[in-house]
Amino acid sequence: MSDPKKTSLHGEHEKLGASFTDFGGWDMPLKYGSELAEHKAVRATAGLFDLSHMGEVWVQGPQAATFLNSALAGNMAIMAVGRAKYSVICNADGGIIDDLITYRRAEDKFLVVPNAGNAPVVAAALAERAAGFDVLVTDASADTSLIAVQGPASVAILEQLIDAASHDVLTGMKYYAADEVAVAGHDVLLARTGYTGEDGFELYLPNAQAPALWAALMEAGAAHGLVPAGLACRDSLRLEAGMPLYGNELSLDVTPFDAGLGGIVSFKKEEDFVGRAALEAKKAAGTQRALVGLKGLGRRAGRGGYKVMSDGVVVGTVTSGQPSPTLGYPVALAYVDNAFAEIGTELDVDLRGKAEPFEVVALPFYKRDK
């Protein structure tokens, strides 16, 4: 087994005393001290994340939009330049290869950002599916770093590092949009597509410049309470925000309709995208299960793989679960049989032989005030 890869910011994390974990083949910071403190900092002030393990695949050419409409389940052709779109890439059976964000940087230029462990698979699938299209698919993952500033103080922190003439780019940027701007003297692609449930930004730039930008952000954020934040709190934040995680809620065995993502599948577009026939059949037949949010009525939390029960009968499985630092009670995502997916349904989670009461609730668990 090969050693996990390291991002260009690995040395910065070591200086900060991070503990590391293998995530998707990368040696990533799990936490720098207390994951609970990092979680609360993102909700109250700001957290700084290294997301350089994510992939970056550029798609350029006259048929870029048409090609992506054939490769992904969503309709990329209707996206305006400067905007971003959440979508999935499926196999022929409708199973999810990955969920990803696509940015449209020009009429004929897109940036596709897959998850860390799936980045090589997605890049290979896009390259294979590009055959016959007038497009160029370039996997820039190895050369690109990604830093995220998440939390209510993110705008104030970035304002210190952006020329006053460009402040409007920052403050006027809509959710799921992106633009080029200089931050601390570094030309970055600045995006507003957070994964934590808070306002925040992602900054894409070449690897060689990432450590200097990380240091500048840490310095500028110190007065605002910014802290470095690891994968542990990223997971608890995204769970509170009700966002699915590939490998937990999403996999090749799950279709977008199972995961409640049917709305991002476009059957209106003309292109015969990979998985279309299977997904049309799936939609017509209806799903037998649903991804739901579970609120713990007791104190103990369910974990991934735990059984969901109704009157002692197994009706589902927890995919993610833990105590919510913000809400003060356990939360979980679970696939359950459709008959038990209605809001308000009371179920049990089997915690190693002891039934713990939960209730089906609407997602997200946490929603920030705007």
Side-chain angles (χ1 to χ4, degrees), residues 24-25 54-79 84-104 108 110-141 243-291 316-317 319 333 335-338 341:
M54 304 285 282
E56 290 85 13
V57 183
W58 288 96
V59 177
Q60 304 176 67
Q63 292 186 296
T66 302
F67 159 65
L68 285 174
N69 268 9
S70 301
L72 308 180
N75 191 342
M76 302 297 116
I78 62 173
M79 181 171 31
K85 201 174 186 68
Y86 178 74
S87 188
V88 292
I89 180 170
C90 294
N91 62 16
D93 296 328
I96 298 175
I97 295 173
D98 199 14
D99 63 328
L100 37 77
I101 295 175
T102 300
Y103 301 89
R104 190 168 200 169
D108 58 354
F110 296 80
L111 173 63
V112 180
V113 179
N115 287 297
N118 291 331
V121 177
V122 172
L126 290 175
E128 181 181 353
R129 295 177 186 187
F133 289 93
D134 188 3
V135 295
L136 177 63
V137 177
T138 306
D139 184 1
S141 304
M243 296 182 180
L245 175 66
Y246 198 89
N248 289 39
E249 285 73 42
L250 308 179
S251 72
L252 288 172
D253 296 325
V254 171
T255 72
F257 295 106
D258 296 321
L261 298 176
I264 67 173
V265 178
S266 176
F267 293 128
K268 293 182 179 179
K269 63 183 180 181
E270 298 178 354
E271 292 81 4
D272 183 19
F273 64 91
V274 178
R276 178 168 191 147
L279 291 175
E280 286 179 334
K282 185 76 174 179
K283 183 179 181 181
T287 58
Q288 304 301 311
R289 56 180 176 172
L291 183 64
T317 305
T319 52
L333 293 173
Y335 280 105
V336 300
D337 297 344
N338 278 342

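All of these numbers come straight from a predicted model, not from anything done at the bench.
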My understanding is that only one of V265, T255, D93 makes a side chain to side chain contact (heavy atoms under 4.5 Å, CB included) with K282; could you say which? T255
Against the six-membered ring of F267, is K269 placed for a cation-pi contact (under 6.0 Å from the centre, within 45° of the normal)? no
Check A73 against S87 and note the closest heavy-atom contact, atom names and distance. N-OG, 3.8 Å
At their closest point, which heavy atom of I89 faces which heavy atom of L100, and how far apart are they? CG2-CD2, 3.8 Å
How many angstroms lie between atom OG1 of T66 and atom CD of E271, to the nearest 0.5 angstrom? 5.5 Å
Minimum heavy-atom distance between M76 and R104, given as atom pair plus value: O-NH1, 3.7 Å
Steps toward salt bridge (charged side-chain N to carboxylate O under 4.0 Å, His left out) verdict (R289, D337): CA-CA 4 Å; R289 56 180 176 172; D337 297 344; over 6 Å; no
Greater than 12 external heavy atoms within 6.0 Å of K283's NZ: no
Indicate yes or no: at least one non-hydrogen side-chain atom of I96 is less than 4.5 angstrom from one of Y246. yes
E280 meets the salt bridge (Lys or Arg N to Asp or Glu O under 4.0 Å) criterion, sequence neighbours left out, with R276
Are F67 and V137 close enough that some pair of their side-chain heavy atoms sits under 4.5 Å apart? yes
Contact check, side chains of I97 and N118, non-hydrogen atoms, under 4.5 Å: no
Taking atom CG of L126 and atom OG1 of T138, what is their separation to the nearest 0.5 Å? 11.0 Å
Examine distances only and state if a side-chain atom of Q63 and a backbone atom of D134 form a donor-acceptor pair shorter than 3.5 Å. yes
Shortest non-hydrogen contact from E249 toward Y335: O-OH, 2.6 Å
